[in-house]
Amino acid sequence: MLMMTENYWADTVYGAPPLEGLERCDASVVFDWLDLRFPVAGSKIDWSRVQGQHAHWSVSDEVQLAEMTVREVALRTLPDSTVDHVGDGLSPYGVRFSEAVCAPVVAELLEIPEHHYFLAVDRSWIVVVTTEGDLDVVDQLHFENDQLEGPADR
């Protein structure tokens, strides 16, 4: 019988390829940024009030949802750019990854049963996927003072 340890996700999932070795970041910093810049209804982003180029899909097939998410994140991840990922449940921290490893990293992260937030490090776009099958994409995000300090900026 497999025992779930306190550090199961950190040790087993984030400790194996393709997630092992990714730069880790404090997820609370990303969630604080989201809370300050997106309208909410309850505990969720109120997508009907989001400014920018917003697209929404509701997909019941998990495989199709994962394929669409990988495609949407990969389309926006330019060479030499960085993506931040945070999850709202089981992920012990956020991670940063580059275009070179985008597809396998996104696919592996989606195996974790939680809501996923993929953001350009410059915060110009966001891709959000939920366990309920919603995929939301917002491009051309523009905010006042939208700089988010990352480890390289400190």
Side-chain angles (χ1 to χ4, degrees), residues 2-38 40 43-45 47 50 52 54-57 59 62-141 143 145-154:
L2 179 62
M3 297 290 292
M4 294 289 280
T5 65
E6 183 177 323
N7 295 318
Y8 171 80
W9 297 101
D11 296 342
T12 306
V13 177
Y14 285 88
L19 304 183
E20 76 178 334
L22 293 181
E23 179 183 349
R24 296 176 181 178
C25 58
D26 182 355
S28 68
V29 173
V30 175
F31 283 119
D32 288 346
W33 183 87
L34 290 168
D35 287 343
L36 290 171
R37 287 167 176 83
F38 283 92
V40 295
S43 63
K44 295 183 177 185
I45 294 174
W47 293 107
V50 169
H54 176 235
H56 170 81
W57 297 270
V59 183
E62 290 181 23
V63 173
Q64 183 183 12
L65 180 62
E67 290 171 351
M68 289 175 68
T69 303
V70 169
R71 183 178 63 244
E72 292 300 325
V73 174
L75 281 171
R76 289 162 178 77
T77 307
L78 303 174
D80 300 321
S81 68
T82 305
V83 176
D84 284 346
H85 167 271
V86 294
D88 69 355
L90 299 171
S91 291
Y93 34 72
V95 291
R96 286 192 169 160
F97 57 91
S98 68
E99 178 266 340
V101 296
C102 182
V105 166
V106 171
E108 187 66 24
L109 288 167
L110 293 174
E111 293 295 319
I112 302 169
E114 62 186 352
H115 295 178
H116 298 272
Y117 302 80
F118 299 93
L119 303 90
V121 76
D122 69 0
R123 303 302 186 249
S124 59
W125 57 264
I126 181 172
V127 174
V128 178
V129 62
T130 70
T131 54
E132 296 85 8
D134 293 311
L135 175 61
D136 288 277
V137 179
V138 182
D139 287 308
Q140 298 182 355
L141 295 173
F143 302 104
N145 302 319
D146 63 349
Q147 293 297 319
L148 176 67
E149 274 192 23
D153 301 324
R154 292 184 188 148

**Report entry** Residue pairs involving residues 67-92 (criterion ring pair (Phe, Tyr, Trp, His ring centres under 6.0 Å); sequence neighbours excluded)
**Finding:**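 Checked against ring pair (Phe, Tyr, Trp, His ring centres under 6.0 Å) - neighbours excluded - the pairs reaching residues 67-92 are H85-H116, H85-F118.
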
Given side chains that start at C-beta, do those of [X] and [Y] come closer than 4.5 Å, heavy atoms only?
| X | Y | result |
| --- | --- | --- |
| V83 | L119 | no |
| V30 | Y117 | no |
| F97 | T82 | no |
| T77 | W125 | yes |
| F31 | D26 | no |
| V137 | I126 | no |
| R123 | W33 | yes |
| V95 | Y14 | yes |

Requested in this report: Please lay out, stage by stage, how D139 and R76 fare under the test side-chain contact (heavy atoms from CB on, under 4.5 Å).
Outcome: CA-CA 9 Å; D139 287 308; R76 289 162 178 77; 2.8 Å; yes

Which value, rounded to the nearest 0.5 Å, describes the distance between [X] atom [atom1] and [Y] atom [atom2]?
| X | Y | atom1 | atom2 | result |
| --- | --- | --- | --- | --- |
| I45 | R37 | CD1 | CZ | 12.5 Å |
| L34 | D88 | CG | CG | 10.5 Å |
| L19 | L109 | CG | CG | 5.0 Å |

Query raised in the report: Under 3.5 Å, is there a donor-acceptor pair linking the side chains of E114 and S91?
Result: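 Side-chain D/A pair, E114 to S91: present.
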
Query - Step-by-step side-chain contact (heavy atoms from CB on, under 4.5 Å) determination, V106 to T69 - result: CA-CA 8 Å; V106 171; T69 303; 4.2 Å; yes

**Report entry** L78: side-chain contact (heavy atoms from CB on, under 4.5 Å) partners, not counting sequence neighbours
**Finding:**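 Residues passing side-chain contact (heavy atoms from CB on, under 4.5 Å) with L78: S81.
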
Query raised in the report: Backbone N or O of V121 within a donor-acceptor pair of the D84 side chain at under 3.5 Å?
Result: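 Not confirmed, D84 side chain does not pair with V121 backbone.
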
Report task. Show the numbers, then the answer: is there a ring pair (Phe, Tyr, Trp, His ring centres under 6.0 Å) between H56 and W47? Result -> CA-CA 9 Å; H56 170 81; W47 293 107; 8.1 Å; no

Requested in this report: Determine, for E67 against R71, whether the closest basic-nitrogen to carboxylate-oxygen distance falls under 4.0 angstrom.
Outcome: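 Salt bridge: no.
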
Looking only at heavy atoms, what is the nearest atom pair of [X] and [Y], with distance?
| X | Y | result |
| --- | --- | --- |
| L65 | V59 | N-CG1, 3.8 Å |
| V73 | C102 | CG1-SG, 3.7 Å |
| G15 | E20 | O-OE1, 3.2 Å |
| P113 | L90 | CG-CD1, 3.6 Å |

**Report entry** Check against side-chain contact (heavy atoms from CB on, under 4.5 Å), D134 and V129
**Finding:** CA-CA 6 Å; D134 293 311; V129 62; over 6 Å; no

**Report entry** Derivation of the side-chain contact (heavy atoms from CB on, under 4.5 Å) call for L135 and E72
**Finding:** CA-CA 9 Å; L135 175 61; E72 292 300 325; 4.2 Å; yes

